[in-house]
Amino acid sequence: MSKTPEDVLKMIKDEDIQIIDLKFVDMPGIWQHCSFYQDQIDESSFTDGVAFDGSSIRGWKAINESDMSMVPDANTAWIDPFYQEKTLSLVCSIKEPRTGEWYSRDPRSIAQKALDYLSATGIGDTAFFGPEAEFFVFDDVRFDQTENKGYYYVDSVEGRWNSGREEAGGNLGYKPGYKQGYFPVAPTDTLQDMRTEMLLTMAACGVPIEKHHHEVATGGQNELGVRFATLVESADFLMTYKYVVKNVAKKYGRSATFMPKPLFNDNGSGMHTHQSIWKGGEPLFWGDGYANLSQMALHYIGGLIKHAPALLAFTNPSINSYKRLVPGFEAPVNLAYSQGNRSASIRIPLSGGNPKAKRLEFRCPDATANPYLAFAAMLCAGLDGIKNEIDPGNSLDVDIYDLTPEELSKIPSTPGSLEDALESLQNDYKFLTDTGVFTEDFVENWISFKLDNEINPMRLRPHPYEFSLYYDC
């Protein structure tokens, strides 16, 4: 049920809440926050915002133009379960205080502009998104990079590599095998209670929950299931998801990561993203085409496939993302669509004959993505497909490993690196900017940020495996 600013202020008074925590997302997709005493928040805060210095936020303002305003969304109010003092959490969008305009580099404002654009096209009035973010839980995490050393070390009691380790009280076995971690019961699954607490804590924070389970990889891979929601809501829920998962894991003395590929030679963590468009309360992706898809849905798929190389600069925005997108690990590297082929980038889930359940699942993304940017970019790509009636080509319903090299060469694939994806974005961004959802300034700033802060620093550092390959050259 929607909340008004009056509802939130009444809640603060009735429950004697003294601290209000305002959260907002930075450009890479990490929550930032500032906590205020309750008398600093009034009705005007929900329209004019609360002032702060934006010059230190990654990818945002210069120091000579640093004044910004956090504008809380009353619908995002929940009591933060991780603080000793009762604290009300509110998620904010960012305004320019001098002009009153939404800040063009604020990811949450960009996501809202994507919804506004959808309505302006007349194609639909609602876009539903449902991300499935996977993650690992480790018992020990250490990493370092200096001038003379570089390493990482992660460990889990569930790791198959520990089957011969001496453990306190004796090694009891029950370590999931490589690629054999899907749905095991206890005692092999040691994380049931933790996941249950994560799921129920999310529900207490307003996230609509469904299920939880162990995932494929050894070493503590998991997934929590949440219900779909409208684009901005879904991004808000995903941010809460990650916040709750990390903090509950810490409570158990463990560490959770959404890094796509923290382990060599086993499955990585993705964020398969379900999506559909509705209008007037009616689903628009149901029809009499392939897998009961409408022509509109097929054109939407055509837009995703056409723009996928550029799109991945937002949906898979880390160097590590492309360690997951390789053949052989259920990786969705083929830019095609299918009812059941999980190596295709787009899958059409079963809907049981229910038009309201008809949707498509874009399987490339991972949770290093800023969800506001990723969902907005996917919607822009799909709408470009609808507007220009882009043909998605034939479905990919064969086993990819049965294809000949010649047949395989005809199927386009995802970029091989973040650098390739950024280059594709540099050459194909009009589907984002012509809509008015993204600005050219934002796209250029995104590319520069990734080059300066990730790709170029990585180029300068030797990798530990290079010593195995080249030390005795």
Side-chain angles (χ1 to χ4, degrees), residues 27-29 107 110-111 114 129 131-134 235 238 258-261 268-275 300-327 329-338 342-347 360-385 390 392-393 396 411-433 435 437-438 442-451 453-455 458:
M27 194 176 71
I110 289 172
F129 280 75
E132 299 177 345
E134 298 164 336
L238 183 63
F258 290 85
M259 188 174 176
K261 193 73 171 181
S269 293
M271 186 178 72
H272 308 151
T273 304
H274 299 251
Q275 48 205 281
Y300 189 102
I301 290 171
L304 287 178
I305 291 174
K306 176 183 177 180
H307 297 296
L311 197 56
L312 264 64
F314 290 110
T315 64
N316 302 75
S318 71
I319 294 171
N320 188 252
S321 296
Y322 299 86
K323 304 283 175 40
R324 165 182 167 256
L325 291 177
V326 294
F329 296 89
E330 292 189 18
V333 296
N334 301 292
L335 295 178
Y337 64 101
S338 174
R342 280 172 161 75
S343 67
S345 61
I346 298 171
R347 187 177 74 93
L360 61 90
E361 174 192 13
F362 191 44
R363 293 175 58 80
C364 295
D366 63 60
T368 58
N370 182 321
Y372 301 97
L373 302 178
F375 298 169
M378 283 186 268
L379 181 60
C380 287
L383 291 176
D384 186 66
I390 297 174
L396 181 66
I411 302 171
S413 61
T414 54
S417 68
L418 176 59
E419 191 169 10
D420 289 345
L422 292 172
E423 184 177 349
S424 296
L425 178 61
Q426 185 77 67
N427 296 325
D428 176 27
Y429 61 83
K430 294 296 186 182
F431 73 98
L432 302 170
T433 57
T435 63
V437 175
F438 291 76
F442 185 90
V443 173
E444 291 169 0
N445 186 52
W446 180 263
I447 294 171
S448 295
F449 182 88
K450 289 290 174 179
L451 289 172
N453 293 279
E454 297 176 41
I455 290 174
M458 181 68 86

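The structure displayed is predicted, hence computed values, not measured ones.
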Can you name the residues that form a side chain to side chain contact (heavy atoms under 4.5 Å, CB included) with Pro332, not counting sequence neighbours? Arg324, Leu325, Arg363
Polar side-chain atom of Tyr337 near backbone of Gly393 as donor-acceptor pair, under 3.5 Å: yes
Heavy-atom distance under 4.5 Å between the side chains of Ile110 and Val437, does that happen here? yes
What are the two closest heavy atoms between Glu134 and Gly270, and how far apart are they? OE1-N, 2.8 Å
At what distance, to the nearest 0.5 angstrom, does OH of Tyr322 lie from NZ of Lys261? 15.0 Å
Ignoring hydrogens, what is the shortest heavy-atom contact between Met27 and Pro107? Give both atom names and the distance. CA-CG, 4.1 Å
Atom pair CZ (Phe258) and CG (Asp366), whose distance is rounded to the nearest 0.5 Å: 11.5 Å
With heavy-atom distances below 4.5 Å as the criterion, would you say the side chains of Phe442 and Leu432 are in contact? no
Roughly how far, to the nearest 0.5 Å, is CG of Leu422 from NZ of Lys450? 8.0 Å
Pairwise distance CD1(Ile390) to CD1(Ile301) - rounded to 0.5 angstrom: 12.0 Å
Do side-chain atoms of Ser345 reach the backbone of Ala336 as a donor and acceptor pair under 3.5 angstrom? yes
Quick one: are Pro131 and Pro371 in side-chain contact, heavy atoms under 4.5 Å? no
What residues, two or more places apart in sequence or in another chain, satisfy side chain to side chain contact (heavy atoms under 4.5 Å, CB included) together with Ser338? Tyr290, Asn341, Ala344, Asp397
Has the side chain of Asn453 got a donor or acceptor atom that lies under 3.5 Å from a matching backbone atom of Phe449? yes
Please tell me if the side chains of Thr433 and Val443 come closer than 4.5 Å, counting only heavy atoms from C-beta onward. yes
Counting only heavy atoms not in Glu132, do more than 12 sit closer than 6.0 Å to its CD atom? yes
Can you establish whether the number of heavy atoms outside Lys306 located under 6.0 Å from its atom NZ is more than 12? no
For the student: nearest non-hydrogen atoms of Ala310 and Asp428, plus distance: CB-O, 3.3 Å
Can you tell me how far apart CZ (Phe362) and CG (Leu304) are? Round to the nearest 0.5 Å. 5.5 Å
Using side-chain heavy atoms (C-beta onward) and a distance below 4.5 Å, is Pro317 in contact with Asn370? no
Phe438 and Phe314 aromatic ring geometry - parallel, tilted or perpendicular at 30°/60° bounds: tilted
Whether the side chain of Gln275 engages the backbone of Phe129 through a donor-acceptor N/O pair (distance < 3.5 Å, no angle test) should be reported. no
Side chains of Pro309 and Asn427: does their closest heavy-atom pair fall under 4.5 Å? no
Criterion side-chain contact (heavy atoms from CB on, under 4.5 Å) on Leu312 and Ser424, from CA distance to verdict: CA-CA 9 Å; Leu312 264 64; Ser424 296; over 6 Å; no
Between Ser413 (side chain) and Ile411 (backbone), is there a donor-acceptor pair under 3.5 Å? no
Output for pair (Thr414 OG1, Leu311 CG), nearest 0.5 Å, gives 12.0 Å
Looking at side-chain heavy atoms only, is the closest gap between Ser321 and Leu418 below 4.5 Å? no
Test your reading of the model: is there a side-chain donor-acceptor pair from Asp384 to the backbone of Gly303, 3.5 Å cut-off? no
Residues two or more places apart in sequence or in another chain: which of them pass side chain to side chain contact (heavy atoms under 4.5 Å, CB included) with Ser448? Asp452
What closest approach, in Å, do Tyr300 and Leu379 show between heavy atoms, and which atom pair accounts for it? OH-CA, 3.7 Å
